[in-house]
Amino acid sequence: MTTTDRRALLTAGLSAAAAAALAGCTSDDPGPRKPTSAEVGAERVARAEAALRLRAVTASRTLLNRYDAALAAHPALAPRLTPLRRSAAAHAKALAEGGTPVAPVTAPASPKPTASTAPPTPPVATDPRAALRDLAGAAREASAVHTAALSTAPPEYARLLASVAAAGAAQACLLTEGARA
């Protein structure tokens, strides 16, 4: 065999090896899989439920913060407000439990707010009666948020929201009764 034949044979062998190696690097995979319409729909429902839960928890935590502020400003109201505050804390905890984390099947839309982004607590009135009226208004607002969410909530969560909304309305009534005395 001549040198030219050896070179040709070596070149052909290397070319065949390179072609085999490159063939192993390619695949029939077309790239990332597109989600099905059912997956996109399920994600949309899960995101809507997560947003609903976030609004409900934020409303309850805002009310809880209002109770804390009123108790700090008017310690004499503690015997009256402490049981109601405990109830508001239990509601906030119950509303936050059981949420399903959403794993995106599509590109994320935008950054998600967290429940810790509750608005700052407004100042508490210096007059205890006015503070009770303000707290009653906050309980009514939280109750209204929970009531508004009923029509779009899943059944189990809707029952919880209805109970919490009713309790908030009762708290508003109890707080208003005391403000008149």
Side-chain angles (χ1 to χ4, degrees), residues 41-104 106-181:
E43 179 185 352
R44 189 175 305 125
V45 167
R47 286 189 187 285
E49 183 180 339
L52 179 137
R53 284 179 181 271
L54 179 63
R55 285 189 302 274
V57 170
T58 300
S60 288
R61 287 185 180 161
T62 300
L63 178 60
L64 185 58
N65 291 341
R66 297 286 299 264
Y67 273 110
D68 289 341
L71 282 165
H74 302 287
L77 294 175
R80 180 160 189 192
L81 296 183
T82 300
L84 298 175
R85 187 229 177 261
R86 238 188 330 253
S87 176
H91 296 156
K93 181 180 178 189
L95 289 170
E97 291 175 350
T100 306
V102 181
T106 60
S110 63
K112 300 288 179 250
T114 61
S116 64
T117 59
T121 305
V124 178
T126 56
D127 176 41
R129 287 185 181 179
L132 287 173
R133 278 192 303 273
D134 292 346
L135 203 49
R140 274 191 224 78
E141 287 173 23
S143 180
V145 168
H146 300 318
T147 302
L150 288 173
S151 64
T152 57
E156 279 298 311
Y157 201 65
R159 283 189 279 279
L160 177 61
L161 283 169
S163 295
V164 172
Q171 285 183 11
C173 188
L174 290 169
L175 291 165
T176 305
E177 290 285 319
R180 291 182 193 145

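Quick note: numbers below take in every heavy atom, side chains included, and nothing from hydrogens, waters or symmetry partners. Bear in mind the structure is a predicted one, so any value in this text is a computation, not a measurement.
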Let me check something: any side-chain donor-acceptor pairs from residues 67-75 under 3.5 Å, sequence neighbours excluded? List them with distances.
| from | atom 1 | to | atom 2 | distance (Å) |
| --- | --- | --- | --- | --- |
| Tyr67 | OH | Gln171 | OE1 | 2.7 |
| Asp68 | OD1 | Arg85 | NE | 2.5 |
| Asp68 | OD1 | Arg85 | NH2 | 3.2 |
| His74 | NE2 | Ala125 | O | 2.7 |

Pairs under 3.5 angstrom only: tabulate donor-acceptor contacts from the side chains of residues 141-151 to other protein residues two or more places apart or in another chain.
| from | atom 1 | to | atom 2 | distance (Å) |
| --- | --- | --- | --- | --- |
| Ser143 | OG | Ala165 | O | 2.7 |
| His146 | NE2 | Ser60 | OG | 3.1 |
| Thr147 | OG1 | Ser143 | O | 2.9 |

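Heavy atoms only, all atoms of each residue included: Leu95 and Tyr157 are closest at O-OH, 2.9 Å. Smallest separation of non-hydrogen atoms from Leu132 and Arg80: CD1-NH1, 3.8 Å.
Side-chain contact between His91 and Leu63 is absent, with no heavy atoms from C-beta onward closer than 4.5 Å. Val124 places none of its side-chain heavy atoms less than 4.5 Å from the side chain of Leu135. In this structure, the side chains of Pro122 and Arg66 come closer than 4.5 Å at one or more pairs of heavy atoms.
For the side chain to side chain contact (heavy atoms under 4.5 Å, CB included) test, residues two or more places apart in sequence or in another chain that qualify with Pro83 are Arg86. The side chain to side chain contact (heavy atoms under 4.5 Å, CB included) search around Arg159 returns Pro155, Glu156, not counting sequence neighbours.
For Arg53 (side chain) and Glu49 (main-chain N/O), no donor-acceptor pair under 3.5 Å exists by modelled atom type.
Thr152 OG1 to Arg55 CZ: the interatomic distance, rounded to the nearest 0.5 Å, is 6.5 Å.
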